[in-house]
Amino acid sequence: MRGGISTFSIDVYVQEIEGVWYGVAIRQGEVYATTFSFEMEDAIQRIKRSLPKRLKPIVWRTTDLQAYTELFHALHRIFNGENPEFQFKLNMDHLTSYQKRVLLCLMEVPKGYVTTYGSLAKVAGGSARAVGNVMARNPFPLVVPCHRVVPHDLTVGNFGHGREVKRELLAREDEGFTRPAYKEIEGRKLALFPVKFIKGIKQPH
DNA sequence: AATAACCGGCGGG
DNA sequence: CCCGCCGGTTATT
């Protein structure tokens, strides 16, 4: 192939659980992308968009409960506001160093809290705008919780799956926290706000 | 390789 | 509300 870098195939699996379609891209035991959608085709398209050009996706629809049951169910549990162990290795080799830095910081935001684009930028570098760019292209939605990033006025803000879905995800993640907190990352403070602080989040009663 | 256009934001008036 | 700026990424030349 003319001395160029060869292309590799990567397996893309989709599976439906309780009305939600989940998708994962896996190669040699490592996860390259995850997604969810309410339509199978959309889930496949979202996964494909996340993959680097040189990876040729091969799509499988899995109904059998074998290799990746645990992975799909972890995604489904996060979707439902739970906090499962996630022991699969994420492969971020195809991301820029800035994307990796932002996503790794974001993984420090625990369920029940949100942070802001600006605060994430202060910790990870770049600007709030740049953080927004990273969020918009997050290859691991749910696993890397980009739904936990909101504008600094604590409105819900935007979301690739629609802001109503973002609102619902956050409402289900409520842990009853009532005070802001922060997490120290490399000497800088990442702001954490209870999900209750977000404007328009339904209170459970 | 260089430049422009595009945003899931912010902050000041 | 408006506006200038933000800075990484992608599209265009």
Side-chain angles (χ1 to χ4, degrees), chain A residues 4-5 7 20-23 25 32-39 42-43 45-57 75 78-79 81 90-174 180 182-183 185-186 188-202:
Chain A
I5 306 213
T7 64
V20 187
W21 283 90
Y22 297 94
Y32 283 68
T34 63
T35 197
F36 72 97
S37 176
F38 304 105
E39 305 285 341
D42 181 53
Q45 288 315 115
R46 284 172 183 274
I47 286 286
K48 285 183 175 175
R49 259 179 276 140
S50 303
L51 294 173
K53 281 279 185 287
R54 38 178 277 276
L55 289 180
K56 293 276 175 279
L75 295 175
I78 301 171
F79 179 84
L90 299 181
N91 186 306
M92 299 195 182
D93 290 350
H94 58 295
L95 302 181
T96 66
S97 58
Y98 181 69
Q99 285 175 312
K100 279 184 254 191
R101 201 157 58 243
V102 172
L103 295 181
L104 290 175
C105 290
L106 172 55
M107 289 180 84
E108 300 297 312
V109 178
K111 162 171 134 62
Y113 287 109
V114 298
T115 191
T116 67
Y117 295 98
S119 180
L120 201 42
K122 288 223 174 78
V123 172
S127 68
R129 252 338 193 159
V131 167
N133 284 341
V134 176
M135 296 303 102
R137 296 168 175 78
N138 172 20
F140 308 103
L142 296 179
V143 180
V144 179
C146 58
H147 60 286
R148 294 181 194 150
V149 188
V150 300
H152 75 142
D153 63 359
L154 301 188
T155 52
V156 171
N158 289 307
F159 192 53
H161 299 74
R163 78 182 51 189
E164 195 48 45
V165 172
K166 185 174 183 179
R167 220 190 305 270
E168 287 167 7
L169 287 172
L170 290 173
R172 288 197 287 268
E173 292 195 341
D174 188 10
Y182 65 85
K183 180 158 246 173
I185 299 176
E186 291 166 9
R188 294 165 190 273
K189 290 178 178 178
L190 181 64
L192 300 177
F193 299 97
V195 298
K196 273 197 201 323
F197 280 32
I198 302 163
K199 300 179 172 99
I201 294 282
K202 288 189 196 101

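Just the heavy atoms: all of them, side chains too, but no hydrogens, waters or symmetry mates, feed the values below. Please read all numbers here as calculations on a predicted model, not as lab measurements. Just so it is clear: chains get the letters A, B, ... in the order the sequence lines come, proteins before strands, and each one is counted from 1.
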### Message
Would you say NZ of A/Lys122 has more than 12 non-hydrogen atoms from neighbouring residues, nucleotides or ligands within 6.0 angstrom?
### Response
no

### Message
Any residue in residues 125-147 of chain A with a heavy atom nearer than 4.0 angstrom to DNA chain C? Just list them by number, or reply none.
### Response
A/Gly126, A/Ser127, A/Arg129, A/Ala130, A/Asn133, A/Arg137

### Message
Between A/Ser119 and A/Leu190 (side chain of the first, backbone of the second, donor and acceptor by atom type, cut-off under 3.5 Å), is there such a pair?
### Response
no

### Message
Using a strict heavy-atom distance below 4.0 Å, which residues from residues 98-116 of chain A are in contact with DNA chain C?
### Response
A/Tyr98, A/Gln99

### Task
Give DNA chain C the dot-bracket treatment, 5' to 3': Watson-Crick (N1-N3 with N6-O4 or O6-N4) or G-U (N1-O2, O6-N3) under 3.5 Å, [ ] crossing, | other strand.
|||||.|||||||

### Query
To the nearest Å, how far apart are A/Lys53 NZ and C/dT9 C1'?
13 Å

### Task
Output yes when a side-chain donor or acceptor of A/Tyr98 lies under 3.5 Å from a complementary backbone atom of A/Gly125, and no otherwise.
yes

### Query
Are more than 12 heavy atoms from other residues, nucleotides or ligands located less than 6.0 Å from atom CZ of A/Arg188?
no

### Message
Taking any atom closer than 4.0 angstrom to a non-hydrogen atom of chain A, what span of DNA chain B does the protein reach, first nucleotide to last?
### Response
B/dC7 to B/dG11

#### Entry: Set of residues satisfying side-chain hydrogen bond (donor to acceptor under 3.5 Å, both in side chains) with respect to A/Lys48, sequence neighbours excluded
none

### Summary
To the nearest 0.5 Å, atom CZ of A/Arg49 lies from atom OG1 of A/Thr35 at 8.0 Å

### Task
Give a yes or no on whether A/Lys199 atom NZ has more than 12 heavy-atom contacts from other residues, nucleotides or ligands under 6.0 Å away.
yes

### Query
When rounded to the nearest 0.5 angstrom, what distance separates NZ in A/Lys53 from NE2 in A/His94?
11.5 Å

### Summary
A/Tyr113 and A/Pro194 have their tightest heavy-atom pair at CD2-N, 3.6 Å

### Task
Give me the one residue out of A/Asp153, A/Val149, A/Leu154 that meets side-chain contact (heavy atoms from CB on, under 4.5 Å) with A/Pro151.
A/Asp153

### Message
If we ignore hydrogens and angles and just use 3.5 Å, is the side chain of A/Thr155 paired with the main-chain N or O of A/Val150 as donor and acceptor?
### Response
no

### Task
List for me each residue that meets side-chain hydrogen bond (donor to acceptor under 3.5 Å, both in side chains) alongside A/Arg163, sequence neighbours excluded, and say none if there are none.
A/Asn158

